[in-house]
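Worksheet for the structure shown next.
Keep in mind it's a predicted model, so treat the numbers as computed, not measured. Throughout, a chain's letter reflects where its sequence line sits, starting with A, and its residues are numbered from 1.
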2 protein chains.
Amino acid sequence: MAQTDTVTRILDTAEVLFAERGFAETSLRTITSKARVNLAAVNYHFGSKKSLIQAVFSRYLDPFTERFHCALDELQARYGDEVIPLEELLETMARSVLEVPAERNSLKVFMRLLGLAYSQAQGHLRRYIQEEYGSVFTRFTELVRQATPELPDAERFWRLHFVLGTVIFTLSGLDALRDIAEKDYGEHVTVRDLIRRLRPVVVAAMQAPLPSPVAPLAQEA
Amino acid sequence: MAQTDTVTRILDTAEVLFAERGFAETSLRTITSKARVNLAAVNYHFGSKKSLIQAVFSRYLDPFTERFHCALDELQARYGDEVIPLEELLETMARSVLEVPAERNSLKVFMRLLGLAYSQAQGHLRRYIQEEYGSVFTRFTELVRQATPELPDAERFWRLHFVLGTVIFTLSGLDALRDIAEKDYGEHVTVRDLIRRLRPVVVAAMQAPLPSPVAPLAQEA
DNA sequence: TCACGTTTGAAACAGCCGTTTATTACGGGG
DNA sequence: CCCCGTAATAAACGGCTGTTTCAAACGTGA
């Protein structure tokens, strides 16, 4: 079937180019010419550039949410009524994130796309992701809440976004950082290696002592 | 003098629009019309859109690097031959970052611009910032090295970028996150409040235990 | 007051953008 | 066989992009 081939070739090319340059900086002509596909094929199969962007995300997020839900099911079944430890939750999430793009070894692309979804304006994208995939995050958040009863709700909310920032920021800018690290320390760092380094940092961040209630950061020392 | 007025009006308008929508998504026509300035003024005063972008960054980074250098001078003078504690270094950096845009209460814009400089492709921008302002970061990194002798060099490098990711990611996406936080917890969070929350998390991240050397993250539990 | 360098102004430039149209080629069921 | 829905193609559409041009206005020293 020629249709499927055209569609996937567009998606394969688009996700790489989007990850490299961003959405606005990647034209449909660049995508279609590099994919050796007619320009009109994008509008024919996807309707618009916006829809193409959403389709690129769905191809990653649909399998991810499914796997993540399953992994959480298994985790809850294993622990029954006991509280699932925080580290277990974090590792489950990490494993689910890693499994999806591992099939096409494109973790870098996946992370870069997630970073773009956050940083790039693209209001429609944030809304789309929120509406389509917000429920998994809500479920995960609730489990984290049970695992960290000592944290006030607001504090936990912000800390989750802190560590989310660390992970997405690091892995989405990995290529640039890797160049610097290689030049300075000679060692070629792998994604797996980076995640090994991230683990204790993330755990420590979540378990950090509560901030002082009066906020004297900018005072003169 | 009318020239100076035109230049600053362009810069004032451009930095806000860039921060809101990104570089590619902000046209010169949008900038000049909102700044009530002729379209050609940008190319006349700055030469090109690229140069305008760099000028926007310079206006923040030049005062920042100067203040930061002075603050580090003072810190080194105060501690003499003693090692400067890590918390002291982090707070000095935070204070320097906060002081600059405080004059025009535009910290949000500043952070968003930093985030864009990282996430947006814009190779020319990264190169420009690296060449122009890399030395301050090098100096700061060396002081952090002395403050954390127990960390291997590579580990420290990555952790600095981890916390950098947290701060930039959080503060540059602050508006979106604030909306969610407000809806969920009702409290309106200020930048100052966020920094208060960030402090213990950043310190804990830098002081987290070293990762296990064998990297078994993705193994089956 | 005149002349001159600097700054504004309106208009046009070529080029790329996303999208649409109309035509052609394909391929399995009546 | 023909027919018809699906898909690929080339070409054109209007619109917006950054940049350039050239004339007009400005302000300041001679």
Side-chain angles (χ1 to χ4, degrees), chain A residues 1-59 113 116-117 120-125 127-128, chain B residues 1-59 113 116-117 120-125 127-128:
Chain A
M1 205 174 302
Q3 173 204 356
T4 304
D5 190 51
T6 299
V7 168
T8 65
R9 204 154 62 227
I10 291 176
L11 286 173
D12 288 344
T13 312
E15 70 174 27
V16 172
L17 291 176
F18 284 154
E20 283 177 355
R21 325 179 182 183
F23 304 118
E25 294 87 346
T26 305
S27 71
L28 294 184
R29 284 172 174 81
T30 307
I31 296 173
T32 52
S33 72
K34 180 161 277 188
R36 283 175 300 114
V37 150
N38 190 273
L39 168 63
V42 170
N43 288 280
Y44 177 77
H45 287 287
F46 296 94
S48 67
K49 187 180 180 180
K50 279 188 182 180
S51 303
L52 171 62
I53 294 175
Q54 295 182 356
V56 166
F57 273 84
S58 296
R59 202 162 62 136
L113 289 176
L116 286 178
Q120 209 98 339
Q122 298 284 358
H124 76 97
L125 226 192
R127 259 178 279 119
Y128 170 76
Chain B
M1 206 175 300
Q3 171 203 357
T4 303
D5 190 52
T6 299
V7 168
T8 65
R9 205 153 63 228
I10 291 175
L11 286 173
D12 288 344
T13 313
E15 72 174 25
V16 172
L17 291 175
F18 284 155
E20 282 177 355
R21 326 181 182 182
F23 305 117
E25 293 87 348
T26 306
S27 70
L28 294 184
R29 281 172 176 79
T30 308
I31 296 173
T32 53
S33 73
K34 180 162 280 190
R36 285 174 300 114
V37 150
N38 189 272
L39 168 61
V42 170
N43 288 279
Y44 176 76
H45 287 287
F46 297 94
S48 68
K49 187 179 180 180
K50 278 188 182 180
S51 304
L52 171 62
I53 296 176
Q54 296 181 355
V56 167
F57 273 85
S58 296
R59 203 163 61 137
L113 289 176
L116 286 179
Q120 208 99 338
Q122 298 284 0
H124 75 97
L125 227 193
R127 258 177 280 119
Y128 170 76

| Can Asp12(B) and Arg59(B) be counted as an ion pair, charged N to O under 4.0 angstrom? | yes
| Side chain Thr30(A), main chain Thr26(A), donor-acceptor under 3.5 Å | no
| query | Going through the distances and angles, do Val7(A) and Ile10(A) end up as a side chain to side chain contact (heavy atoms under 4.5 Å, CB included)? | reply | CA-CA 5 Å; Val7(A) 168; Ile10(A) 291 176; 5.9 Å; no
| Heavy-atom closest pair, residues Ser48(B) and Asn43(B) | CA-OD1, 3.9 Å
| message | From CD1 of Ile10(A) over to P of dA7(D), roughly how many Å is that when rounded to an integer? | response | 12 Å
| request: Test Phe23(B) against Leu125(B) for side chain to side chain contact (heavy atoms under 4.5 Å, CB included), laying out the working first. | output: CA-CA 11 Å; Phe23(B) 305 117; Leu125(B) 227 193; 3.7 Å; yes
| said: Counting only side-chain nitrogens and oxygens, does His45(B) get under 4.0 Å of the OP1 or OP2 atom of dT8(C)? | reply: yes
| request: Return the value, rounded to whole Å, for the distance between atom CZ of Arg36(A) and atom P of dA8(D). | output: 13 Å
| Roughly how many Å is it from CG in Asp5(B) to C1' in dC26(D), rounded to a whole number? | 15 Å
| said: To the nearest 0.5 Å, what is the distance between CG on Leu28(B) and OG on Ser33(B)? | reply: 10.5 Å
| query | Taking only side-chain nitrogens and oxygens of Thr6(B), does any of them come within less than 4.0 Å of OP1 or OP2 of dT7(C)? | reply | no
| field | Spacing between Asn38(A) atom CG and dA8(D) atom C1', to the nearest angstrom | value | 6 Å
| query | In the 5'-to-3' direction, what one-character label does each nucleotide of nucleotides 14-27 of chain C receive under the scheme B = base within less than 4.0 Å of a protein heavy atom, S = sugar-phosphate only, - = no such atom? | reply | ---BBBB-------
